[in-house]
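To keep things clear, I will list the structure first and then write my remarks on it.
Each chain gets a letter, A, B and so on, in the order its sequence line appears, and its residues count up from 1. What's counted below: heavy atoms across the whole structure, side chains too, no hydrogens, waters or symmetry copies.
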Number of protein chains: 2
Amino acid sequence: MTIRRASELPKPTEAELAILGVLWERGSGTVRDVHEALYANDGGGYTTALKLMQVMHAKGLVERDDSQRAHVFRAVVSKERTQKRFLSDIVDRVFDGSASQLVLHALGSQSASREELKEIRQLLNRLDRESK
Amino acid sequence: MTIRRASELPKPTEAELAILGVLWERGSGTVRDVHEALYANDGGGYTTALKLMQVMHAKGLVERDDSQRAHVFRAVVSKERTQKRFLSDIVDRVFDGSASQLVLHALGSQSASREELKEIRQLLNRLDRESK
DNA sequence: CCCGCTCAACGAATGACTTCGTACAGCATG
DNA sequence: CATGCTGTACGAAGTCATTCGTTGAGCGGG
């Protein structure tokens with residue numbers, strides 16, 4: 001038996017991430033659900049989605065309920081955890097390990113609403129207090 | 001002749017990014033420089049670094065001065081532009097297009113010094129003023 | 001019972017990335 | 001000139017991600 005801690009799950013590939021996105025949004029879904037949400041428009045085949053999801057299941061990224069004829073899939077990794085993981089990766093690899101460099105870039109080059117700015121400021125205040 | 005605008009340069013792969021890191025830091029370097037900075041310790045071969053840099057040159061990611069026997073390489077893409085590119089990618093693919101979601105995650109889960117927090121706050125103030 | 005539909009399983013083909021072995025050129029030294 | 005050193009060039013091999021064609025199972029309607 002192989003036990004694998006969550007942190008050792010492989011990093012999702014690009015196509016896998018798109019599928020996880022659908023599962024996170026819906027909570028769960030069949031291959032058909034995912035195919036229609038992602039591939040139906042741009043001509044991707046049904047079996048392509050199926051194969052990807054089989055691979056993801058083999059990797060442990062998704063779990064599968066096969067009590068129904070159309071198996072129902074569900075993400076094993078949470079969205080938050082995955083976001084954090086990609087974030088650390090990018091901080092290490094292109095921002096020399098400095099998260100605040102990344103924050104400065106992100107704030108500078110992308111748009112944020114006043115609502116979001118307010119939220120960020122509140123978090124900033126809290127961090128300031130905690131690091132006193 | 002093929003002319004390629006900067007925005008169409010391919011996204012550097014993981015190994016390419018490490019090499020770009022060395023070139024950004026040094027300004028320029030030979031294959032030997034890069035190999036010693038990156039691969040010497042972990043056993044990577046000299047020709048591996050060479051091949052990677054040849055591929056990068058073919059892709060247009062680096063330029064090469066071959067007037068010397070040991071060719072001197074220099075990054076074509078700037079560090080800032082590459083950071084921005086990876087950032088947009090990750091915002092689109094795992095943060096549903098919301099840069100401030102990313103900022104909140106980054107601030108929450110990674111450490112930032114008081115200096116950096118101050119810098120972020122200043123930028124925040126400026127953004128607030130501008131969006132008034 | 002048989003046809004047609006939906007589905008999972010499997011394997012092949014392709015292409016990208018990475019690593020490395022080998023070949024070959026230039027140059028200095030004896 | 002022969003040898004050794006340092007460099008580039010080239011191609012093969014391995015791995016992984018992605019795409020797709022084919023097969024066979026199960027099920028319901030005629």
Side-chain angles (χ1 to χ4, degrees), chain A residues 8-23 28-74 77 82 85-86 89 93-94, chain B residues 4 8-23 28-74 77 82 86 89 93-94:
Chain A
E8 291 171 0
L9 284 178
K11 184 170 125 182
T13 69
E14 198 148 331
E16 287 168 351
L17 201 51
I19 290 176
L20 283 176
V22 174
L23 295 181
S28 66
T30 64
V31 174
R32 179 144 310 276
D33 294 331
V34 170
H35 176 252
E36 279 170 4
L38 284 185
Y39 294 93
N41 302 329
D42 63 88
Y46 173 87
T47 52
T48 299
L50 170 63
K51 180 64 162 187
L52 277 168
M53 292 168 80
Q54 284 172 346
V55 168
M56 291 169 78
H57 183 245
K59 288 182 182 172
L61 290 175
V62 297
E63 59 188 6
R64 176 170 57 172
D65 170 7
D66 57 358
S67 66
Q68 304 299 316
R69 183 152 125 73
H71 299 180
V72 177
F73 292 79
R74 186 178 298 274
V77 286
T82 306
R85 171 139 187 203
F86 274 78
D89 259 32
R93 296 200 292 110
V94 291
Chain B
R4 203 186 268 278
E8 292 170 0
L9 283 177
K11 185 170 127 183
T13 68
E14 198 148 330
E16 288 169 351
L17 201 52
I19 290 177
L20 283 176
V22 175
L23 295 181
S28 66
T30 65
V31 174
R32 181 146 308 277
D33 294 331
V34 169
H35 175 251
E36 278 170 6
L38 284 185
Y39 294 93
N41 301 330
D42 63 85
Y46 174 88
T47 52
T48 299
L50 170 64
K51 180 63 164 187
L52 277 168
M53 292 168 79
Q54 285 172 345
V55 168
M56 290 169 78
H57 182 245
K59 288 182 182 172
L61 290 175
V62 297
E63 59 189 6
R64 175 169 58 171
D65 171 6
D66 57 358
S67 67
Q68 304 298 316
R69 185 153 125 71
H71 299 181
V72 177
F73 292 79
R74 185 178 298 275
V77 286
T82 306
F86 274 77
D89 259 33
R93 295 200 293 109
V94 291

Ignoring backbone atoms, test whether B/Arg64 places a side-chain nitrogen or oxygen under 4.0 Å from the OP1 or OP2 oxygen of D/dG7. no
Whole-Å distance between D/dT19 P and A/Leu52 CG? 6 Å
Taking only N and O in the side chain of B/Tyr46, is any of them less than 4.0 Å away from OP1 or OP2 of D/dT8? yes
Between B/Gln68 (CD) and C/dC27 (P), how many Å, whole number? 12 Å
Using OP1 and OP2 only, check whether a side-chain N or O of A/Arg32 sits under 4.0 Å from C/dC5. no
Closest nucleotide among D/dA17, D/dT19, D/dC10 to the B/Lys51 side chain: D/dC10
So, OP1 or OP2 of C/dT19: does either fall under 4.0 Å of a side-chain N or O from B/Thr47? no
Could you tell me whether the side chain of A/Arg85 reaches within less than 4.5 Å of the side chain of B/Val94, counting heavy atoms only? no
Let me know the distance between CD1 of A/Ile19 and C1' of D/dA17, rounded to the nearest Å. 12 Å
Which value, rounded to the nearest 0.5 Å, describes the distance between B/Glu63 atom CD and B/Leu23 atom CG? 10.0 Å
With rounding to the nearest 0.5 Å, note down the distance linking CG in B/Leu20 to CG in B/Leu52. 10.5 Å
Would you mind telling me which of C/dT19, D/dT18, D/dT8 lies closest to the side-chain atoms of B/Tyr39? C/dT19
B/His71 has an atom NE2; how far is it from atom P of D/dA9, in whole Å? 6 Å
Is a side-chain N or O of A/Asp89 found less than 3.5 angstrom from the main chain of A/Phe86, in a donor-acceptor match? no
Comparing A/Glu14 and A/Arg69 on DNA chain D - which has the more 5′ nearest nucleotide: A/Glu14
Side-chain atoms of B/Thr13 come closest, of C/dC17, C/dC7, D/dC10, to C/dC17
Taking only side-chain nitrogens and oxygens of A/Gln54, does any of them come within less than 4.0 Å of OP1 or OP2 of C/dC10? no
In whole angstrom, give the distance that lies between atom NZ of A/Lys59 and atom C1' of D/dT15. 12 Å
NZ of A/Lys11 versus P of C/dC17: gap in Å, rounded? 14 Å
Is there side-chain contact between B/Phe73 and B/Leu61, with at least one heavy-atom pair below 4.5 Å? no
Using a heavy-atom cut-off of 4.0 Å across all strands, would you classify B/Val55 as base, sugar-phosphate, or nothing? nothing
Separation of C/dC10 atom P from A/His57 atom NE2, nearest Å, is 13 Å
Between B/Leu50 (CG) and C/dC20 (P), how many Å, whole number? 13 Å
Counting just side-chain N and O atoms, does B/Thr48 come under 4.0 Å of either OP1 or OP2 of C/dT18? no
